[in-house]
Amino acid sequence: MKILRTRAASVSRQGLCTALLVASLTAAVGVSPPHNTAGADDSSPRPSDPQGKPHGVPNLALPDLAPKNPGNAGKPGGGTGGDAPDGNTGIPKTALAAYQNAARLAATQLPGCHIPWELIAGIGRVESVHAGGYGLRSDGSTEKPIRGPRLTGGQFAEIRDTDKGRWDGDTEYDRAVGPTQFIPSTWEMSGADGNGDGIKDPNNIFDAALGTAHYLCANNRDLNSSADLDKAVLSYNQSREYVTAVLAWMRTYQSGNVGTVPDNIPTTPHDPSGDTPGKRPTTPSPGTTPGGGSTTTPPSNKPSPGKQTPSPQKPTPQKPTPKPDPQKPDPQKPTPKPEPKPDPTKPSPSPVSRLERIGAAKWETNTGEVFEERASVRALDKAGKPVAGTRVVFEIKGEGTEASFLGGSKKVTATTLKDGIATAPTILAGDSVGEFTLHVTVEGKNVVTPVDFNATVKPAPAPHADKIVRVGNECAEVQPNSPFTCKVVIQASKDGKAVADIGMTATVASADGKKAVETGPYFKDKNGKRVRKVDLGKTDGNGQIELPEFFADGKTGAYTLRIVTTDGQVLLVHLSVKAESTKKQSTTPKS
């Protein structure tokens, strides 16, 4: 009874936390309580964009907000609160790298969207539980494909084949594919190359994560807006339960209540097709398993119900078995076939004799960027012919370097293809200036001479803006000894794109902006002292900076705020201080 009471209390706490979470998310995005489908709005899927239609079975389980066991902190899967080691709340290392990489690229490609990596992770959690149980590799691929149901209609949408089976292996109907479950026709519009290998593959989590960012940011959405956030998630799946689950996981990840887990942590994969036992029962045909493989039922020694057990019979005397004649072949045993002799006209496969570098031996890039080059080598035999199936090890070596492959690892292994070529994933330069070596060897072949690529990480050049503008309207005139009630926001850009980290100063100047003044409008320093020149700091990720509050003293007239960037761009913001008219209407009656 004590065990039952403890479990009941735990379930009660979890249910209460889940209810509170749903309520908070409903308020946060301004949506109604969950129901089966969303109402018609501009986020409804178009005929050419069927992603929002029923295309699979998402995992709508909500995170448990009950307090974690502090004793689990630091264990596999444990964050600050000790997440469960089965990967239920943790994110696999490569999946986390893919989500963060996608948000970083989206910040450059779609700066007005403001998509957080935690939202992409929320989609990945609900669609495939971060590809858990599918054999996620450090390069973003999976050992087993992640596929939704055949979209033949009925429970799910009917979508005839659009990719000739390229991504989903089905040439008759489409199926959602990959860690974020893209329908092939939607991938054709929103697909992206997240790992820089020149291929847009929805089955690779780096590509899928960036494609998800592109899809959610469509229609010029700004995900800082709760309305746009709601529309974005609804466009992925027209279900309020889906919105609730995705945003619940997003908020959980944003709160820091999550840890990383190994890519290969044992877990039962989420099956978006709904065919996993316990989700949607399947009735296997006699002699087959639900997975389609044949099975043999072992004979049972127990009597079948309804049948009488035969009475034991007396053993029949057996005739002696004649001894086999060694000169005659045993008819019960098949005659062994002679092993084929090697054909001298066909040469046997030759071992790898050397590695050949492909491309330049020296690379360089700036801090915070990725190397455009990708290391490739060709495995050759003694005759100079390519050798397929050779495992090649790429390892980043160097003290102090923060460079790593996508996924955060310093060492990866790739297998040569038919042309003998193996290629490493994209390398992130990191934030440290310096040099490193990419050392390439053949796995288990110490006699093969290694190949090295030498890389240099240089300091990133200072940001530069070719234009600064005022955002919003000009300030209205104010009376002497009054604060200016308007906000002044400056936008920095280059080639029409917002530029962050642009330093600026603001100086109170004459009406033409040519001369600084000692009286007139002023700012206040941290001690409250009047100053007429301030360092504004640097622009944010949107290329914007807001001026601090400023005031008019007792002097009237026209003035300017002279805004100057560290690279010489100038903008004048005009100000006016004007006293109220002293003329008053006479109230004495005329005689």
Side-chain angles (χ1 to χ4, degrees), residues 103-104 106-116 217 220-225 228 366 368 460-480 482-553 555-578:
R104 178 180 62 82
T108 300
Q109 299 169 4
L110 306 160
C113 180
H114 308 112
I115 186 168
C217 290
N220 297 315
R221 295 189 184 107
D222 180 356
L223 300 186
N224 280 343
S225 161
D228 278 2
N366 300 322
H464 172 71
D466 58 19
K467 186 178 182 180
I468 56 174
V469 297
R470 167 83 185 283
V471 178
N473 297 323
E474 292 291 332
C475 287
E477 63 182 24
V478 298
Q479 297 178 23
S482 302
F484 284 85
T485 57
C486 61
K487 289 184 178 180
V488 176
V489 178
I490 309 300
Q491 171 82 53
S493 62
K494 181 181 181 182
D495 299 328
K497 295 182 179 179
V499 182
D501 296 326
I502 297 295
M504 296 186 192
T505 59
T507 304
V508 180
S510 55
D512 58 7
K514 294 181 179 180
K515 182 180 179 181
V517 297
E518 296 182 357
T519 59
Y522 61 90
F523 298 95
K524 291 182 180 180
D525 65 12
K526 60 182 180 180
N527 297 319
K529 182 180 177 181
R530 294 184 182 186
V531 293
R532 290 182 171 83
K533 183 176 181 179
V534 292
D535 183 352
L536 301 176
K538 296 182 178 181
T539 54
D540 60 17
N542 298 318
Q544 296 183 354
I545 195 166
E546 182 178 335
L547 272 65
E549 187 179 19
F550 52 101
F551 310 83
D553 66 4
K555 300 292 183 179
T556 60
Y559 301 90
T560 58
L561 290 177
R562 191 169 187 266
I563 314 297
V564 182
T565 67
T566 51
D567 50 3
Q569 299 297 320
V570 179
L571 174 69
L572 298 180
V573 177
H574 296 277
L575 307 175
S576 177
V577 182
K578 187 175 181 180

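In this text the structure is predicted, and so the values were computed from the model without any measurement.
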OG of Ser482 to CG of Asp553, rounded to nearest 0.5 Å, is 10.5 Å
By side chain to side chain contact (heavy atoms under 4.5 Å, CB included), Leu110 pairs with (sequence neighbours left out) Cys113, His214, Cys217
Correct closest heavy-atom pair for Thr108 and Pro111 would be O-CD, 3.6 Å
task: May I ask you to decide if Lys533's main-chain N or O and Thr505's side chain share a donor-acceptor pair within less than 3.5 Å?
output: no
Exam field: side chain Asp222 to backbone Asn224, donor-acceptor pair closer than 3.5 Å
yes
For residues 464-473, the salt bridge (charged side-chain N to carboxylate O under 4.0 Å, His left out) pairs (sequence neighbours left out) are Arg470-Glu474
Report yes if some heavy atom in the side chain of His114 is under 4.5 Å from a heavy atom in the side chain of Asn542; otherwise report no. yes
Correct closest heavy-atom pair for Ala500 and Gly541 would be CB-CA, 4.0 Å
Contacts satisfying ring-ring contact (aromatic ring centres under 6.0 Å, His included) that involve residues 496-521 (not counting sequence neighbours) are none
- prompt: So do Pro483 and Glu549 actually touch side chain to side chain, heavy atoms under 4.5 Å?
  reply: yes
NE2 of His464 to NZ of Lys494, rounded to nearest 0.5 Å, is 5.5 Å
When rounded to the nearest 0.5 Å, the distance separating CD1 of Ile468 from CE of Met504 is 5.0 Å
Side chain to side chain contact (heavy atoms under 4.5 Å, CB included) with Ile563: of Leu547, Thr507, Val570, only one passes, and it is Leu547
CG (Leu561) and CG (Leu572) are apart, to the nearest 0.5 Å, by 9.0 Å
Residues 503-541 vs ring-ring contact (aromatic ring centres under 6.0 Å, His included), sequence neighbours excluded, gives Tyr522-Phe551, Phe523-Phe550
Note: Gly513 and Ala509 closest approach over all heavy atoms is CA-CB, 4.0 Å
In this structure, CG of Asp540 is separated from NZ of Lys538 (nearest 0.5 Å) by 13.0 Å
Contacts of Ala552 meeting side chain to side chain contact (heavy atoms under 4.5 Å, CB included) (sequence neighbours excluded), chain-then-number -> Val478, Phe484, Val577
Do other residues, nucleotides or ligands put more than 12 heavy atoms under 6.0 Å from the CG atom of Asn220? no
Contacts satisfying salt bridge (charged side-chain N to carboxylate O under 4.0 Å, His left out) that involve residues 499-527 (not counting sequence neighbours) are none
Closest non-hydrogen atoms of Ala492 and Ala465, given as atom of the first, atom of the second and distance, are CB-CB, 4.0 Å
So CG of Leu536 and CD1 of Ile545: to nearest 0.5 Å the spacing works out to 5.0 Å
Shortest non-hydrogen pair, Ala106 vs Ile115, comes out as CB-CG2, 3.7 Å
